[in-house]
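From a predicted model like this one, the values you see are computed outputs, not experimental measurements.
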Amino acid sequence: MGGGAARRVAVAALALGVLAGVASAAVYEVGDKAGWTIMGNPDYRLWANSKKFHVNDVVVFTYNKQFHNVLAVSKADYKNCNASKPIATWSTGNDSVVLNTTGSHYFLCGFPGHCAAGQKVDIHIAASSAAPSAAPAPEPSAAAGSKPSGGATAGPAPHPNAAPKALPAGRSVAATVAASLLSLAAAVLA
């Protein structure tokens with residue numbers, strides 16, 4: 001097989017592997033219809049315990065950005081509702097976070113009093129629920145310019161204050177990524 005043909009086969013295989021990993025990821029809205037809020041006293045512990053999270057799943061925080069934000073924090077800061085040393089910060093009002101490692105992912109609202117009122121969530125991924133990864137995860141980025149670590153990755157944002165873009169009607173994240181990967185593979189194979 002020539003160098004060009006081998007390269008095309010490798011790109012196609014990589015695209016299919018990535019597609020398989022993305023297609024198996026689930027998307028969860030934190031708090032379901034209540035969203036990320038203190039109104040109505042949602043029980044985020046109960047919400048998280050009612051789900052079975054896997055590596056590469058996406059959690060979406062939907063909230064009014066004038067009154068809330070999302071901070072990824074350490075276990076100690078989660079327990080103490082300490083918002084002073086976040087690992088990452090999101091503040092668009094519609095933030096998607098990819099959970100790309102097993103273990104616990106700790107999030108809280110950094111507005112004074114909100115965490116103490118229950119606006120915090122510990123999302124746990126058991127080691128046995130890790131999905132196989134076909135390709136390395138993209139470089140993490142966060143909406144407010146800080147870099148997430150500890151396995152939570154924000155989707156790329158062109159600007160910290162950029163409005164989130166809605167998917168075309170009837171398209172899922174997996175379908176949108178799949179279409180992009182297939183277009184890339186077709187371009188390389190042409």
Side-chain angles (χ1 to χ4, degrees), residues 10-32 34-36 42-63 69-79 85-92 94-109 119-157 164-165 167 171-185:
V11 169
L14 178 62
L16 288 174
V18 170
L19 176 60
V22 171
S24 65
V27 178
Y28 297 97
E29 182 172 359
V30 176
D32 294 324
W36 185 239
D43 187 339
Y44 294 110
R45 184 178 50 80
L46 180 64
W47 174 84
N49 289 338
S50 72
K51 312 288 186 243
K52 183 166 173 110
F53 297 100
H54 301 278
V55 171
N56 295 325
D57 282 353
V58 177
V59 290
V60 179
F61 292 86
T62 305
Y63 55 93
N69 61 12
V70 180
L71 307 179
V73 296
S74 68
K75 181 178 182 177
D77 287 344
Y78 174 84
K79 286 185 174 198
K85 302 177 291 186
I87 297 166
T89 301
W90 295 270
S91 57
T92 69
N94 188 13
D95 304 312
S96 296
V97 181
V98 178
L99 304 172
N100 57 17
T101 62
T102 59
S104 288
H105 302 269
Y106 302 101
F107 301 97
L108 56 83
C109 179
Q119 195 175 7
K120 64 182 189 173
V121 64
D122 169 6
I123 298 174
H124 186 76
I125 301 174
S128 63
S129 67
S133 178
E139 182 65 27
S141 64
S146 61
K147 190 172 183 179
S149 63
T153 307
K165 291 186 166 105
L167 292 173
R171 299 232 359 223
S172 68
V173 171
T176 302
V177 171
S180 297
L181 287 172
L182 290 174
S183 294
L184 173 66

Over all heavy atoms of both residues, which pair between [X] and [Y] is shortest? Give the atoms and the distance, please.
| X | Y | answer |
| --- | --- | --- |
| Ser74 | Ile87 | N-CD1, 3.8 Å |
| Glu29 | Gly35 | OE2-CA, 4.2 Å |
| Asn69 | Tyr63 | CA-CE1, 3.8 Å |
| Leu108 | Val73 | CD2-CG2, 3.7 Å |
| Ile125 | His105 | CD1-NE2, 3.8 Å |

Point to revise | Residues Asn100, Asn56; criterion side chain to side chain contact (heavy atoms under 4.5 Å, CB included); working and verdict | key: CA-CA 5 Å; Asn100 57 17; Asn56 295 325; 4.2 Å; yes

Point to revise | Residue of the set Asp32, Ile123, Val30, Val59 for which side-chain contact (heavy atoms from CB on, under 4.5 Å) holds with Lys51 | key: Asp32

Within the 4.5 Å heavy-atom criterion, are [X] and [Y] side-chain neighbours or not?
| X | Y | answer |
| --- | --- | --- |
| Trp90 | Val97 | yes |
| Asp95 | Val60 | no |
| Asp77 | Tyr106 | no |

Would you find a donor on one side and an acceptor on the other, under 3.5 Å apart, between the side chain of [X] and the backbone of [Y]?
| X | Y | answer |
| --- | --- | --- |
| Asp57 | Ala25 | no |
| Lys120 | Cys109 | no |
| Asn49 | Arg45 | yes |

Check your understanding: If you measure from CG on Asp122 to NZ on Lys75, what distance do you get to the nearest 0.5 Å?
Key -> 8.5 Å

Point to revise | Test ring-ring contact (aromatic ring centres under 6.0 Å, His included) applied to Tyr28 and Phe61, Tyr44, Phe53, Trp36, the passing residue | key: Phe53

